[in-house]
Amino acid sequence: MNYTVINRDVHVGDIRLTAVASASLFLIGDADVINLSSAFDTPPESLIIGPFVPLVPARGDTP
Amino acid sequence: MKRTSVVQTFHAETLIISSVLQIGDSERISTRTRALAVQRQYELFFGPEGEQIFPVFAKPIPRWTSPPPTAARQTLHESPVISVQSVRVLAISSSAIVHIGSTSTAEAEARMKHIRQLAGSESSAPTRGRDS
């Protein structure tokens with residue numbers, strides 16, 4: 001199978017971004033390979049209500 | 001062949017935490033972030049808390065590898081230019097990449113652990129002084 005991509009004129013006006021964050025990519029141009037990954041961990045045990053003690057991983061939380 | 005990128009005006013306010021602003025072509029860009037964000041109801045810092053390993057920082061993230069192409073691709077750049085009048089970015093953070101120009105490989109990885117610690121109903125005051 002053959003397929004052809006034709007890139008014609010690209011003219012963009014004004015781009016306004018609030019934020020580019022957490023392994024994101026804003027690209028004006030060409031790329032061959034893009035690989036982005038983001039892991040965000042906020043399980044229920046991330047909310048601790050009680051005395052202020054130093055953080056220790058919960059049981060079974062160690063890798 | 002890659003196209004040329006033309007940007008008349010660029011403005012960015014903040015660029016932090018392992019982010020990249022690349023103006024011009026690049027071959028390979030790779031960024032990594034590990035963030036442990038702890039919010040406590042009172043100002044309290046115990047010291048080396050971030051040194052322990054939480055699973056989110058260690059677990060392997062599955063990588064997608066593209067299968068060998070089944071189609072023969074041909075790209076024709078009828079116009080060799082991508083033009084943008086203006087770009088304004090307020091913040092670039094946590095392994096983000098802002099790239100004006102072309103690249104071969106872009107990789108980014110961000111791992112965050114967010115913990116909120118609130119005082120219990122009976123222990124409304126911190127065990128250590130608030131301002132110590």
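Only heavy atoms go into these numbers, but all of them, side chains included; no hydrogens, no water, no symmetry mates. Order of the sequence lines fixes the chain letters, A, B, ..., with proteins taken first and strands second; residue numbering starts at 1 for each chain.
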request  = Could you check if a side-chain atom of B:T9 sits within less than 4.5 angstrom of a side-chain atom of A:D14, using non-hydrogen atoms only?
outcome  = no
query = Got a donor-acceptor contact below 3.5 angstrom from the B:T33 side chain to the B:S95 backbone?
reply = yes
Would you tabulate the side-chain donor-acceptor contacts of residues 17-28 of chain A under 3.5 Å, counting partners in other chains and residues two or more places apart, or write 'none'?
{"residue": "A:S24", "atom": "OG", "partner": "A:A21", "partner atom": "O", "Å": "2.4"}

message = For B:Q41 and A:F52: C-alpha separation, side-chain torsions, deciding distance, then whether side chain to side chain contact (heavy atoms under 4.5 Å, CB included) applies.
response = CA-CA 9 Å; B:Q41 193 171 346; A:F52 291 99; 3.9 Å; yes
task = Take A:V10 and B:R3, measure what side chain to side chain contact (heavy atoms under 4.5 Å, CB included) needs, and give me the verdict at the end.
result = CA-CA 11 Å; A:V10 182; B:R3 289 173 288 177; 4.0 Å; yes
note = Whatever's closer than 4.5 Å to a heavy atom in chain A on B:V6 counts as neither
task = Indicate if B:V38 and A:I48 have the same hydrophobic cluster label, given that clusters are the connected sets of ILVMFWY residues with side-chain heavy-atom separations under 4.5 angstrom.
result = yes
ask   = Are B:R116 and A:T42 close enough, and set up right, to give a side chain to side chain contact (heavy atoms under 4.5 Å, CB included), and what steps lead you there?
value = CA-CA 9 Å; B:R116 276 151 276 194; A:T42 324; 2.9 Å; yes
request  = Could you give me the CA-CA distance, side-chain angles and deciding distance for B:H114 and B:Q39, then say whether side chain to side chain contact (heavy atoms under 4.5 Å, CB included) is met?
outcome  = CA-CA 8 Å; B:H114 201 153; B:Q39 286 177 286; 2.9 Å; yes
Largest heavy-atom contact set with chain A, pairs under 4.5 Å, which of B:R111, B:K2, B:R63 = B:K2
inquiry  = Which one wins on heavy-atom pair count under 4.5 Å against chain B: A:N35, A:D32, A:D30, A:V12?
reply    = A:D30
inquiry  = For B:A119 versus B:Y42, what's the shortest heavy-atom pair and its separation?
reply    = CB-CE1, 3.9 Å
task = Using heavy atoms and a sub-4.5 Å threshold, report which of residues 65-91 of chain B line up against chain A, by residue number.
result = B:T70, B:A71, B:A72, B:R73, B:Q74, B:T75, B:L76, B:H77, B:E78, B:S79, B:V81, B:I82, B:S83, B:V84, B:Q85, B:S86, B:V87, B:R88, B:V89, B:L90, B:A91
ask   = Counting a contact as any heavy-atom pair under 4.5 Å apart, which residues of residues 97-104 of chain B contact chain A?
value = B:I97, B:V98, B:H99, B:I100, B:G101, B:S102, B:T103, B:S104
query = For chain B, which of A:N7, A:I6, A:I15 has the most heavy-atom pairs under 4.5 Å?
reply = A:N7
note = Filtered by a 4.5 Å non-hydrogen cutoff, the part of residues 12-28 of chain B contacting chain A is none
message = Among A:S38, A:A39, A:A31, A:G29, which residue has the highest count of heavy-atom pairs closer than 4.5 Å to chain B?
response = A:A39
